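Just so it is clear, the structure is predicted and the values come from calculations on it, not from any experiment.
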Protein chains: 2
Amino acid sequence: MEVAVKKLLKSYHLRSTPVRKQVLDLFIQTSHALGKANIEAELDEIDRITLYRTLRTFEQKGIIHQAIDGSGKTKYALCSHECSEHEHHDHHAHFYCTRCEKTVCMNSITVPKIDIPDDFQIASAQLILSGTCKNCQR
Amino acid sequence: MEVAVKKLLKSYHLRSTPVRKQVLDLFIQTSHALGKANIEAELDEIDRITLYRTLRTFEQKGIIHQAIDGSGKTKYALCSHECSEHEHHDHHAHFYCTRCEKTVCMNSITVPKIDIPDDFQIASAQLILSGTCKNCQR
DNA sequence: CTTGATTATGCAACAATGTTGCAGCAAAGA
DNA sequence: TCTTTGCTGCAACATTGTTGCATAATCAAG
């Protein structure tokens with residue numbers, strides 16, 4: 001897997017550095033979206049600023065996307081394969097569990113077609129769902 | 001109008017203070033959502049912490065709601081009349097213009113019914129649209 | 001109109017997050 | 001191995017979020 005991550009980075013024209021490999025690997029192994037605090041907790045000793053820039057770079061390259069969930073914290077999740085540097089395709093829903101505070105991408109749910117006044121040009125649409133997830137229900 | 005704002009505050013069981021009147025008045029006169037920085041710029045000399053608490057209070061009482069727009073900044077807008085302390089009804093879309101960075105509520109657009117896996121209990125749903133608004137198109 | 005109970009304000013202080021500049025170091029290809 | 005290019009980590013600072021506390025203002029009762 002070490003090799004896979006390396007290849008992945010290379011395919012995005014990014015250098016394989018320890019930080020990037022760790023962060024990317026963490027995203028691959030995690031099923032929910034991750035905030036900076038989460039990542040810093042998982043990867044001890046990681047530099048705050050380097051992480052900030054790593055996430056920014058990954059986002060620009062289309063490796064990860066922001067998972068806006070209304071929690072006020074910026075979270076990120078792996079993009080689906082159609083994302084690229086030039087176009088993000090994160091038009092799926094994000095579900096935020098208010099109990100465990102985890103956010104997951106729901107790739108199966110895409111944002112329905114919306115009827116908009118002509119005055120507005122829509123470039124992207126996102127759907128935020130919140131409630132309680134399976135694990136948090138009794 | 002001075003009187004109207006006062007009455008409005010009273011109807012929410014809030015004391016009429018200069019700060020609250022100013023902030024509420026600003027919301028009434030503004031057609032788009034406002035972030036803390038916007039408000040501080042408009043109302044010079046306003047105390048940062050007081051503003052923070054004022055917004056929190058207004059939100060709790062159902063006077064304003066957060067307009068999440070993916071910009072990373074928390075913005076607020078007036079609630080429609082159906083909101084109360086106990087239930088927010090901000091299930092309309094928010095449109096974020098990436099050029100002028102203004103966010104507007106689109107009360108006419110409600111979030112469509114979504115088909116969700118049984119595992120999840122949805123408590124609320126929000127729709128974020130972004131692109132360019134009328135003014136920012138040439 | 002005064003007064004007293006209650007609530008709001010503003011300051012201090014701190015945490016978390018976002019952001020840039022820069023010097024030194026590491027990666028990738030020649 | 002060397003050189004170029006890009007990444008890292010530190011310093012430094014801005015913005016936002018948040019709580020405690022003493023003082024001041026509001027509002028209703030008298």
Taking N or O atoms only and anything under 3.5 Å, show me the protein contacts with nucleotides 24-26 of chain C, one pair per line.
none

NE2 of B:H13 versus C1' of C:dA8: gap in Å, rounded?
-> 18 Å
With sequence neighbours excluded, what pairs up with A:S71 under the side chain to side chain contact (heavy atoms under 4.5 Å, CB included) test?
-> A:D69, A:K73, A:K75, A:Y96
Does A:K21 put a side-chain nitrogen or oxygen below 4.0 Å from OP1 or OP2 of C:dA27?
-> no
Find the distance B:L43:CG to C:dT9:C1' and express it as a whole number of Å.
-> 15 Å
Nearest-angstrom distance from the residue atom NZ of B:K73 to P of D:dG17 | 11 Å
Might you confirm whether atom NZ of B:K36 has over 12 heavy atoms from other residues, nucleotides or ligands at distances under 6.0 Å?
-> yes
What's in the same ILVMFWY side-chain cluster as A:Y52, cut-off under 4.5 Å, chained through other members?
-> none
Mind jotting down which residue pairs meet the ring-ring contact (aromatic ring centres under 6.0 Å, His included) criterion with at least one end in residues 99-127 of chain B? Sequence neighbours excluded, please.
-> A:F95-B:F120
Quick one: list whatever passes side chain to side chain contact (heavy atoms under 4.5 Å, CB included) with A:R48, sequence neighbours left out.
-> A:E40
Listed by chain and number, what are the side-chain hydrogen bond (donor to acceptor under 3.5 Å, both in side chains) partners of B:S130, not counting sequence neighbours?
-> A:S124
Is there a donor-acceptor pair closer than 3.5 Å between any side-chain N or O of A:Q137 and the backbone N or O of A:T132?
-> yes
Output, in order, the C-alpha distance, side-chain angles, deciding distance and verdict of side chain to side chain contact (heavy atoms under 4.5 Å, CB included) for A:I128 and B:I68.
-> CA-CA 10 Å; A:I128 301 175; B:I68 297 158; 4.0 Å; yes
Starting at CD of B:Q22 and ending at P of C:dT9, how long is that distance when rounded to a whole Å?
-> 10 Å
Could you give the NZ-to-P distance, from B:K10 to C:dT7, as a whole number of Å?
-> 15 Å
With heavy atoms under 4.0 Å as the rule, sort A:T57 into base, sugar-phosphate or nothing.
-> nothing
5' priority, DNA chain D, between B:L14 and A:L14 [closest heavy atom] | A:L14
How close or far is atom P of D:dT16 from atom CG of B:L55, stated in whole angstroms?
-> 12 Å
Just how far, in rounded Å, is P of C:dT19 from CD of A:Q60?
-> 11 Å
Side-chain atoms of B:V19 come closest, of D:dT8, C:dG18, C:dG10, to C:dG10
Partners passing side chain to side chain contact (heavy atoms under 4.5 Å, CB included) against B:D47 (at least two apart in sequence or in another chain) = B:I49, B:T50
Show your reasoning for whether side chain to side chain contact (heavy atoms under 4.5 Å, CB included) applies to B:L24 and B:L78.
-> CA-CA 9 Å; B:L24 185 50; B:L78 279 183; 4.1 Å; yes
Set of side chain to side chain contact (heavy atoms under 4.5 Å, CB included) partners for A:E42, sequence neighbours left out | A:L26
Below 4.0 angstrom from OP1 or OP2 of D:dC7, is there any side-chain N or O of A:T54?
-> no
Go through the structure and list residues passing salt bridge (Lys or Arg N to Asp or Glu O under 4.0 Å) with A:K21, not counting sequence neighbours.
-> A:E2
Does any residue of residues 44-51 of chain B have a heavy atom under 4.0 Å from DNA chain C, and if so, which ones, in number order?
-> B:D47, B:R48, B:I49, B:T50
Backbone of B:G131 reached by a side-chain donor or acceptor of B:T98 within 3.5 Å = yes
For the residue pair A:H65 and A:H92, categorise the inter-ring angle as parallel (less than 30°), tilted (30 to 60°) or perpendicular (more than 60°).
-> perpendicular
Here the distance between atom C1' of D:dC7 and atom CZ of A:R56, to the nearest Å, is 12 Å
Does any donor-acceptor pair link the side chain of A:R53 with the base of C:dG21 at a separation under 3.5 Å?
-> yes
Between C:dT19 and A:Y52, is there an OP1 or OP2 to side-chain N/O distance shorter than 4.0 Å?
-> yes
Do B:R20 side-chain atoms and B:R15 backbone N/O form a donor-acceptor pair below 3.5 Å?
-> yes
Sorted by number, residues from residues 31-39 of chain B placing a heavy atom under 4.0 Å from DNA chain D are B:K36, B:A37
Terminal helix-axis angle for the helix from C:dC1-D:dG30 to C:dA30-D:dT1, with five pairs defining each axis and rounding to 10 degrees = 30°
